[in-house]
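When a ligand or atom number is given, it counts from 1 through the structure's own listing order. Just so it is clear, the values below take in all heavy atoms, side chains as well, and ignore hydrogens, waters and symmetry mates.
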Amino acid sequence: MKLYVAPGPNSYRVRIFMAEKGISLPLVELDYGKREHKSPEFLKLNSLGQVPVLVLDDGTVITESVAICRYLEAVHPTPPLFGSDPASQGKIEMWNRRMENEVFATIGNVTLHTDEFFKERVIQVPAFAEAQKRMIPGKWAWLDREMSDGRPYLAGDEFSIADISGMVTLWLSEVFSYEVPADLPHVQRWNARLRRRPSWNA
Ligand SMILES: N[C@@H](CCC(=O)N[C@@H](CS)C(=O)NCC(=O)O)C(=O)O
């Protein structure tokens, strides 16, 4: 088995997931500078030219970071990170999607629509980036209201893939200086709790 990675939130998500499960896999680290992610050999694995990509021993290729995590969960069920019963599975899926669609995507869109690196990936619309940027504080404020019930993790009492998506979102927001506003106590409490996990340094 081989995991193709490069710097960025989606490889980081799988690395955190592996650290939480105690899984170690041979890594192939791609160099964006050399455009290894757009090489003909790599495009045969992922036609989108994106990482992460997992290649199984029988040649099966799995792309998409959450899909890779799902595969790893099936092979290494303990500790469960996608939920341990139908209700927790539903809540975790719900919060993973909310974290990705509401918060991660808003921050990511600013980068996608402004950074030179993504010029060939999307038609960049600077006005859209500006609008998304203005929405970021409201997204964190929404999350703060949601977490004002005092729950330790996004989907409840269990740490899960939803929090891992939260970790990569927090990391991304720090890299691009869109940090969580200091006056949001519930998100800040969750933020501090996640940063204390050893997997933060994966
Ligand atoms: N939905 C994909 C997104 C993958 C993705 O966007 N990866 C970034 C790195 S974090 C990448 O490969 N970017 C290179 C490019 O877009 O050309 C996933 O979850 O794996």
Q. Under 4.0 Å between a Lys/Arg side-chain N and an Asp/Glu carboxylate O for Glu116 and Lys119?
A. yes

**Q.** Protein residues that have a heavy atom under 4.0 Å from any atom of ligand 1, sorted by chain and number
**A.** Gly8, Pro9, Asn10, Tyr32, His37, Lys38, Gly49, Gln50, Val51, Pro52, Glu64, Ser65, Phe117, Phe118, Arg121

**Q.** Interatomic spacing from OG1 in Thr63 to CD1 in Ile68 - rounded to 0.5 Å
**A.** 6.5 Å

Q | Pairing of Glu64 and Arg70 as salt bridge, 4.0 angstrom limit | A | no

Q) Could Arg98 and Glu146 be called an ion pair, given the rule that one side-chain N must be under 4.0 Å from one carboxylate O? A) yes

Q | Partner residues of Trp140 under the ring pair (Phe, Tyr, Trp, His ring centres under 6.0 Å) criterion, sequence neighbours left out | A | none

Q.
Is any side-chain heavy atom of Asp163 closer than 4.5 Å to one of Leu81?
A. no

